[in-house]
Amino acid sequence: MSKKHFFLVGYILDNDPRSMELELDQDSLSDDQAREYIRSQNPTANDQHITDIRVTEIQKPKGHSNDPGHNLQHSDL
């Protein structure tokens, strides 16, 4: 079983800032590879529509916690 790597891809599509998270088996992601993923989500977009691609590897995906539930404390309001 290969280790999963998580990437945050930020980009601008037609002057609209966007981002997506990718979970991949590979340990790196180039801007050109990220552009292909962006195109797969936006099939009508061409290279002139997609600008300012930024790829960042993230340690864990958004929305996941490594904290065990029995260690969480609730504050009294």
Side-chain angles (χ1 to χ4, degrees):
M1 179 180 210
S2 64
K3 179 182 176 191
K4 295 290 185 183
H5 298 270
F6 300 94
F7 298 93
L8 178 63
V9 178
Y11 60 100
I12 297 177
L13 178 64
D14 290 328
N15 295 322
D16 182 23
R18 298 182 183 200
S19 65
M20 66 171 60
E21 288 185 8
L22 298 173
E23 179 180 342
L24 305 173
D25 291 329
Q26 61 198 47
D27 61 354
S28 65
L29 181 68
S30 71
D31 289 352
D32 290 332
Q33 291 169 320
R35 184 179 300 278
E36 293 305 314
Y37 283 103
I38 295 166
R39 275 200 205 121
S40 73
Q41 298 297 310
N42 305 281
T44 60
N46 61 32
D47 286 343
Q48 290 76 28
H49 295 133
I50 304 167
T51 60
D52 298 328
I53 296 173
R54 300 286 183 262
V55 176
T56 306
E57 186 172 6
I58 53 179
Q59 297 303 312
K60 63 180 180 178
K62 185 170 48 175
H64 288 75
S65 173
N66 291 336
D67 296 330
H70 65 276
N71 285 342
L72 298 179
Q73 297 178 1
H74 301 279
S75 62
D76 296 331
L77 296 176

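Between Tyr37 and Leu29, the closest heavy-atom pair is CE1-CD1, 4.0 Å.
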Quiz prompt | Verdict with supporting geometry, His5 and Asp25, side-chain contact (heavy atoms from CB on, under 4.5 Å) | solution = CA-CA 6 Å; His5 298 270; Asp25 291 329; over 6 Å; no
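One distance of note links CD of Glu21 with OG1 of Thr56; it measures 11.0 Å at 0.5 Å rounding. Interatomic distance, Glu36 CD to Gln41 CD, rounded to the nearest 0.5 Å: 12.5 Å. One finds the CD1 atom of Ile12 at 4.0 Å from the CG atom of Asp52 (value rounded to the nearest 0.5 Å). A distance of 9.5 Å separates CZ of Arg35 from CG of Asn46, quoted to the nearest 0.5 Å. Expressed to the nearest 0.5 Å, how far CG of Leu22 lies from CZ of Phe7 amounts to 8.5 Å.
Hydrophobic cluster membership is shared by Ile38 and Val55, with clusters built from Ile, Leu, Val, Met, Phe, Trp and Tyr side chains linked at under 4.5 angstrom. Cluster annotation: Leu24 is not connected to Leu8 through the hydrophobic network of ILVMFWY side chains, with a link wherever side-chain heavy atoms come within less than 4.5 Å. Hydrophobic clustering of Ile, Leu, Val, Met, Phe, Trp and Tyr side chains at less than 4.5 Å, counting indirect connections, unites Leu13 with Met20.
Partners of Asp16 by side-chain hydrogen bond (donor to acceptor under 3.5 Å, both in side chains), not counting sequence neighbours, listed by chain and number: Arg18. For Thr51, there are no side-chain hydrogen bond (donor to acceptor under 3.5 Å, both in side chains) partners, not counting sequence neighbours. Listed by chain and number, the residues in a side-chain hydrogen bond (donor to acceptor under 3.5 Å, both in side chains) with Asp47 are Arg39 (sequence neighbours excluded).
In this structure, Arg54 and Val9 have side chains that are not in contact, with every pair of non-hydrogen atoms separated by 4.5 Å or more.
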